[in-house]
Amino acid sequence: MGKGKLKKFAEMETFANVFQCAIGRLNADGKFETEEDTSVLQMRGQWHERFFKNNNPIVLELGCGHGDYTVGLAKLHPEKNYIGIDIKGARIWKGAKEATERGMKNVAFLRTNIEVLSNFFAPNEVAEIWITFPDPQMKKATKRLTSTYFMARYQEVMQEGGMIHLKTDSPFLSTYTKEMLRVNQYEVVAASDDLYSLEDGSKAAYSLEFRGEEFEEARMLQTHYEKQWLDRGLTIKYYAWKLNKKTALEEPEIEIEKDTYRSYGRNYVSTTNH
């Protein structure tokens, strides 16, 4: 591990807004191994009282990367509490450092695996989720953050009717997610296959299937990767839907053409996908 990463990890240990606990520390009984891990678990159901010191809604950003979107949302909405979640500690450092230096009290970061959300959040503790530019996981459905596998895990911690947002450059993940929403009859409140498109050159008109105030919020911030995809000529897809705690979720059965540009690395854009 490079000196830069080691320095970041050491500095993160001093940040009051960072909580760290990886799934690899689970023992055979499904419990975490050290006292440090256990102390992080004690935040479950106590985020309002022990960290945020208020009763404002808790919003998660899953796969938050550098945390720029988490911090950006927190700036826009001081009336909400934001927690960025990622397994990559060296990435989280950037957002955690900015939030610390700005004295932002409505931002926290959790370094862990998304599969174990229910270890850190109690039922109904989470009001909203953002999923920003995840890996589309074209080979295995259960790894997709909009799959029924993960939707079931979101149900364990979210409030009924809580909003879930997805921003993605991937035509594959976009197609999969729309089919998942259709099959399971989720209420879609905003959707676009080209978030930043304009109709007839008008700045007030957008190419939308559904309209909602969530759409405006999605346009206001761009992640590090989003800017890269836009520079490469890709369109950004955005969907927002309400969680319905279903007892049985149906995984969609659909053949989807894969994103060919990803087969050539992140710097290649297939003319097929322009």
Side-chain angles (χ1 to χ4, degrees), residues 1-27 31-122 125-135 145 150 153-154 157-158 221 223-225:
M1 185 180 295
K3 291 182 179 179
K5 283 189 176 181
L6 289 174
K7 182 178 179 181
K8 289 177 180 179
F9 284 132
E11 189 172 11
M12 281 211 305
E13 293 291 341
T14 70
F15 292 159
N17 61 1
V18 175
F19 301 84
Q20 303 189 67
C21 194
I23 194 172
R25 290 157 125 175
L26 284 169
N27 61 28
K31 297 180 179 179
F32 288 91
E33 296 174 348
T34 69
E35 287 189 14
E36 178 186 3
D37 293 330
T38 302
S39 67
V40 177
L41 291 178
Q42 289 173 354
M43 296 299 296
R44 184 178 188 269
Q46 300 294 319
W47 287 95
H48 287 116
E49 293 81 2
R50 299 186 63 176
F51 182 79
F52 293 114
K53 311 298 183 184
N54 61 49
N55 289 317
N56 294 338
I58 291 176
V59 183
L60 307 183
E61 186 196 358
L62 305 181
C64 68
H66 296 95
D68 47 349
Y69 213 86
T70 300
V71 173
L73 286 170
K75 291 176 185 175
L76 288 174
H77 298 288
E79 76 284 2
K80 294 182 180 181
N81 301 317
Y82 290 88
I83 303 176
I85 300 176
D86 205 296
I87 193 58
K88 301 289 187 180
R91 293 179 185 173
I92 287 176
W93 169 85
K94 181 180 178 182
K97 186 175 180 66
E98 180 181 354
T100 297
E101 291 178 343
R102 289 179 176 272
M104 299 177 71
K105 303 299 184 184
N106 65 329
V107 181
F109 289 91
L110 174 60
R111 184 188 175 200
T112 194
N113 300 73
I114 296 169
E115 292 92 326
V116 292
L117 281 180
S118 61
N119 280 300
F120 303 97
F121 300 96
E125 193 170 14
V126 176
E128 191 174 348
I129 284 178
W130 281 82
I131 306 169
T132 52
F133 299 91
D135 187 324
L145 292 187
F150 278 100
R153 278 147 183 79
Y154 305 155
V157 301
M158 285 189 75
L221 296 172
T223 70
H224 170 77
Y225 291 116

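For this chain, numbers begin at 1 and follow the sequence in order. Source: prediction; values computed, not measured.
Judged by distance alone, the side chain of N113 and the main-chain N or O of E115 form no donor-acceptor pair under 3.5 Å. Remark: side-chain polar atoms of N56 are not paired, donor with acceptor, to backbone N or O of N81 under 3.5 angstrom. Of the possible donor and acceptor atoms, none in the side chain of R111 sits under 3.5 Å from a partner among the backbone N and O of V18. At least one donor-acceptor pair under 3.5 Å links the side chain of N54 to the backbone N or O of F52. Side chain of E125 to main chain of G45: a donor-acceptor pair is present (N/O by atom type, distance under 3.5 Å, no hydrogens or angles). A distance-only check finds a donor-acceptor pair linking the side chain of W47 to the backbone of F120 [under 3.5 Å].
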Step by step, would you call L117 with R153 a side chain to side chain contact (heavy atoms under 4.5 Å, CB included)?
-> CA-CA 7 Å; L117 281 180; R153 278 147 183 79; 5.5 Å; no
Verdict with reasoning, I85 to C64, per side chain to side chain contact (heavy atoms under 4.5 Å, CB included) | CA-CA 6 Å; I85 300 176; C64 68; 5.6 Å; no
Derivation and outcome, side chain to side chain contact (heavy atoms under 4.5 Å, CB included), residues N119 and T112 | CA-CA 10 Å; N119 280 300; T112 194; over 6 Å; no
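For F15 and F109, the ring centers sit 6.0 Å or farther from each other.
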Donor-acceptor pairs are to be reported for all side-chain atoms of residues 89-96 against protein atoms at under 3.5 Å, with residues two or more places apart or in another chain.
| unit_1 | atom_1 | unit_2 | atom_2 | d |
| --- | --- | --- | --- | --- |
| W93 | NE1 | E11 | OE1 | 2.9 |

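Closest approach of A99 and N17 over heavy atoms only: CB-ND2, 3.7 Å. Of all the heavy atoms in A74 and N106, the pair that sits closest is O-ND2, 3.1 Å.
To the nearest 0.5 angstrom, L62 atom CG is 6.5 Å from L145 atom CG.
Looking at residues two or more places apart in sequence or on another chain, you find a salt bridge (charged side-chain N to carboxylate O under 4.0 Å, His left out) between E101 and K97. Not a single side chain to side chain donor-acceptor pair (under 3.5 Å) links Y154 to another residue, sequence neighbours left out.
Taking the six-membered ring where the residue is Trp, F51 and F19 present perpendicular rings, their angle passing 60° and hence far from 30°.
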